[in-house]
Visitor: 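Below you'll find the structure I mean.
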There are 2 protein chains.
Amino acid sequence: MVMSLRHALLGLLREGPASGYDLMQVFKLSMSNIWPATQSQLYTELTKLADSGLLTVTPQGPRGRKEYALTDAGLAELRRWLLETTPEVHPRSEVLLRVFLLAALTPEEAKDYLAWLGERAVEDITDLAALDASIEWDDDIPPLLYGRLVLEFGRRLSELTREWTEWAAEQIPPGHTQPDPDATSGDRSDPQ
Amino acid sequence: MVMSLRHALLGLLREGPASGYDLMQVFKLSMSNIWPATQSQLYTELTKLADSGLLTVTPQGPRGRKEYALTDAGLAELRRWLLETTPEVHPRSEVLLRVFLLAALTPEEAKDYLAWLGERAVEDITDLAALDASIEWDDDIPPLLYGRLVLEFGRRLSELTREWTEWAAEQIPPGHTQPDPDATSGDRSDPQ
DNA sequence: GGTGCCATGTAATAAGTTACATGATTCG
DNA sequence: CGAATCATGTAACTTATTACATGGCACC
């Protein structure tokens with residue numbers, strides 16, 4: 001089953017009514033790493049959700065603001081999704097796909113990629129620690145408890161990644177079959 | 001940058017010409033966990049790739065079979081993608097999204113979910129060990145070397161997941177705020 | 001001759017991204 | 001009055017999934 005954005009929104013609205021804008025902030029701050037969503041997608045989905053009776057709309061706040069609130073049907077759908085459907089356990093990993101295809105590069109270029117990945121993991125560890133420190137955890141508030149569990153997973157995953165990149169780089173011998181040299185070269189400074 | 005299927009195909013064809021059917025087997029066997037693709041998507045993409053000159057087609061084998069081969073332009077594009085574009089480091093994780101939303105369930109139901117996840121991780125560990133044993137690793141053949149690195153990442157990730165689910169389940173106190181009981185209940189036996 | 005695998009394709013739909021487009025309110 | 005932020009929406013395009021549709025060849 002796909003279409004999890006719908007259920008993410010239902011879940012967030014369990015904590016109280018909110019506007020599309022409010023929800024977008026939550027997506028930017030706390031969900032961006034596990035379930036990114038664009039503003040466009042979010043507003044579209046909220047409209048659909050309201051149309052199908054899983055949310056109600058409280059129209060016309062200050063500047064066109066609309067507040068959405070969870071209905072009983074919405075909560076039931078959230079629970080149904082959590083209890084009766086199976087998540088996709090192996091998400092696509094572009095990072096690992098690239099490792100798989102690293103044979104198209106020279107060993108040095110491949111090691112550069114792994115080193116870059118390791119650096120990203122270190123940054124993630126720092127970022128997560130900062131996020132951790134910025135939150136007043138209170139396990140008696142269920143959403144916070146589960147948020148803490150997710151964050152800890154992220155921390156462990158980043159540690160794993162850092163360690164793995166170091167190990168992996170050591171596995172690459174210093175000069176395997178040259179990959180049909182082609183002048184394309186560059187540093188990974190996000191040129192999209 | 002998205003559209004990695006294109007580059008996955010270019011990468012696989014670096015090892016020699018193959019048909020859509022051949023490539024599909026590879027996707028089923030060795031790529032399904034990191035970059036699943038449907039047969040439909042694959043054939044469509046191969047056609048586009050050939051149209052844009054990144055592959056050549058050798059038409060009409062035995063039963064309508066077409067063999068695709070990498071061109072210089074195709075290899076250059078693969079290298080450009082690997083060297084000059086940045087991968088998406090944080091893929092969507094439906095599994096973690098659900099943990100985030102577990103507050104909508106009872107503590108017992110939440111623990112069930114974590115237990116189920118842990119079991120899946122154990123299965124993954126077994127499956128990966130079997131896959132590992134079934135392959136004749138030879139680090140002198142670059143694609144195999146990198147395949148081994150990816151597999152080891154998977155192994156470590158599954159271990160991490162198993163340990164984390166155990167830890168996480170312990171963090172859940174035995175009776176937090178009841179989640180507006182609604183008769184929906186069920187076991188996660190994949191009812192889609 | 002029939003089962004199973006080899007082999008390719010298209011159509012409809014869903015989900016996600018990028019870009020565009022607009023306007024209100026608050027605060028300095 | 002201008003900048004920042006609040007606030008919502010639509011259109012075009014890309015990517016991925018599901019389902020349908022078809023036929024050849026090999027082997028028993």
Side-chain angles (χ1 to χ4, degrees), chain A residues 1-9 17-29 31-52 55 57-68 81 85-88 90-94 97 190 192, chain B residues 1-9 17-29 31-52 55 57-68 81 85-88 90-94 97 190 192:
Chain A
M1 220 223 199
V2 205
M3 183 59 296
S4 311
L5 174 62
R6 162 182 247 97
H7 300 100
L9 291 171
S19 69
Y21 191 85
D22 295 339
L23 292 163
M24 223 180 60
Q25 307 311 115
V26 177
F27 267 86
K28 274 193 209 152
L29 288 170
M31 312 263 290
S32 60
N33 284 346
I34 61 171
W35 203 270
T38 59
Q39 173 261 359
S40 164
Q41 207 188 344
L42 207 145
Y43 281 102
T44 309
E45 198 58 43
L46 283 171
T47 306
K48 283 197 235 161
L49 246 13
D51 285 350
S52 58
L55 300 180
V57 207
T58 325
Q60 302 317 46
R63 43 205 124 172
R65 178 186 172 93
K66 292 181 181 175
E67 284 215 324
Y68 292 91
W81 178 70
T85 68
T86 309
E88 195 58 63
H90 300 291
R92 281 185 173 76
S93 169
E94 191 181 338
L97 173 62
D190 214 317
Q192 284 110 86
Chain B
M1 219 222 196
V2 206
M3 182 61 296
S4 312
L5 174 62
R6 160 182 247 97
H7 301 99
L9 291 171
S19 69
Y21 190 87
D22 294 340
L23 291 163
M24 222 179 59
Q25 307 310 114
V26 178
F27 266 86
K28 273 193 210 150
L29 288 172
M31 314 263 291
S32 59
N33 284 347
I34 60 170
W35 204 268
T38 58
Q39 171 262 359
S40 164
Q41 207 188 343
L42 207 146
Y43 280 103
T44 308
E45 199 57 43
L46 284 171
T47 306
K48 283 196 235 163
L49 245 13
D51 285 350
S52 58
L55 300 180
V57 206
T58 326
Q60 302 317 46
R63 41 205 126 170
R65 178 185 172 94
K66 292 181 181 177
E67 284 215 324
Y68 292 90
W81 178 70
T85 69
T86 309
E88 195 58 63
H90 300 291
R92 282 187 173 74
S93 169
E94 191 180 337
L97 173 62
D190 216 316
Q192 282 108 83

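None of these values were measured; they are calculated from a predicted model. In what follows, every chain begins at residue 1, and chains take the letters A, B, ... in the order their sequences are listed.
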Visitor: Calculate the interatomic distance between Gln41(B) atom CD and dT10(C) atom P; express it in whole Å.
Guide: 15 Å

Visitor: Collect all protein-nucleotide pairs involving nucleotides 24-28 of chain D in which both atoms are nitrogen or oxygen and the distance is under 3.5 Å.
Guide:
{"residue": "dG24(D)", "atom": "N2", "partner": "Arg63(B)", "partner atom": "NH1", "Å": "3.3"}
{"residue": "dC25(D)", "atom": "OP1", "partner": "Pro62(B)", "partner atom": "O", "Å": "3.2"}

Visitor: On the nucleotide dG9(D), are OP1 or OP2 found under 4.0 Å from the side-chain N or O atoms that Tyr43(A) carries?
Guide: no

Visitor: Considering all heavy atoms of both residues, which atom of Leu9(B) and which atom of Leu46(B) are nearest to each other, and what is their separation?
Guide: CD1-CD2, 4.1 Å

Visitor: Please give me the minimum heavy-atom distance between Arg65(B) and Ser19(B), naming the atom from each residue.
Guide: NH1-OG, 3.3 Å

Visitor: To check you understand the geometry: which heavy-atom pair defines the closest contact between Glu67(A) and Pro17(A), and what is its length?
Guide: OE1-CB, 3.9 Å

Visitor: Taking OP1 and OP2 of dT17(C), is either one under 4.0 Å from a side-chain nitrogen or oxygen of Arg92(B)?
Guide: yes

Visitor: Can you measure Glu45(A) atom CD to dA14(C) atom P for me and round it to whole angstrom units?
Guide: 12 Å

Visitor: Of all the heavy-atom pairs spanning Tyr68(A) and Ala50(A), show the shortest one and how long it is.
Guide: CE2-CB, 4.1 Å

Visitor: What is the distance, rounded to the nearest whole Å, between atom CE of Met31(B) and atom P of dA16(D)?
Guide: 12 Å

Visitor: Report yes if a side-chain nitrogen or oxygen of Gln39(B) is closer than 4.0 Å to either non-bridging phosphate oxygen (OP1 or OP2) of dT8(C); otherwise report no.
Guide: no

Visitor: If you take all heavy atoms of Tyr43(A) and Tyr21(A), which pair is closest and at what distance?
Guide: OH-N, 3.3 Å

Visitor: How close or far is atom P of dA7(C) from atom OH of Tyr68(B), stated in whole angstroms?
Guide: 13 Å

Visitor: Whole Å only: how far is the CG atom of Leu9(A) from the C1' atom of dG16(C)?
Guide: 14 Å

Visitor: How many Å lie between NZ on Lys48(B) and P on dT14(D), as a whole number?
Guide: 8 Å

Visitor: Who pairs with Ser52(A) by side-chain contact (heavy atoms from CB on, under 4.5 Å), at least two apart in sequence or on another chain?
Guide: Arg6(A), Leu54(A)

Visitor: Please enumerate all residues that pass side-chain contact (heavy atoms from CB on, under 4.5 Å) together with Ile34(B), with sequence neighbours excluded.
Guide: Leu96(A), Phe100(A), Val150(B)

Visitor: Rounded to the Å, how far apart are Leu42(B) CG and dG9(C) P?
Guide: 11 Å

Visitor: Kindly say if Lys66(A) contacts the phosphate of dG9(D), meaning a side-chain N or O under 4.0 Å from OP1 or OP2.
Guide: yes

Visitor: What's the closest nucleotide to the side chain of Thr38(A) if the choices are dG16(C), dG9(D), dT17(C)?
Guide: dT17(C)

Visitor: Given atom CE of Met3(B) and atom C1' of dT14(D), what is their separation to the nearest angstrom?
Guide: 9 Å

Visitor: Return whichever of Thr47(A) or Ala37(B) has its heavy-atom-nearest nucleotide of DNA chain D closer to the 5' end.
Guide: Thr47(A)

Visitor: Over all strands shown, is Arg6(A) touching base, sugar-phosphate only, or nothing at heavy-atom distances under 4.0 angstrom?
Guide: nothing

Visitor: So which nucleotide from dA16(D), dC5(C), dT8(D) ends up closest to the side chain of Tyr21(B)?
Guide: dC5(C)

Visitor: With the side chain of Ser40(A) defined as its heavy atoms from C-beta on, choose the nearest nucleotide among dG16(C), dT8(D), dT10(D).
Guide: dT10(D)

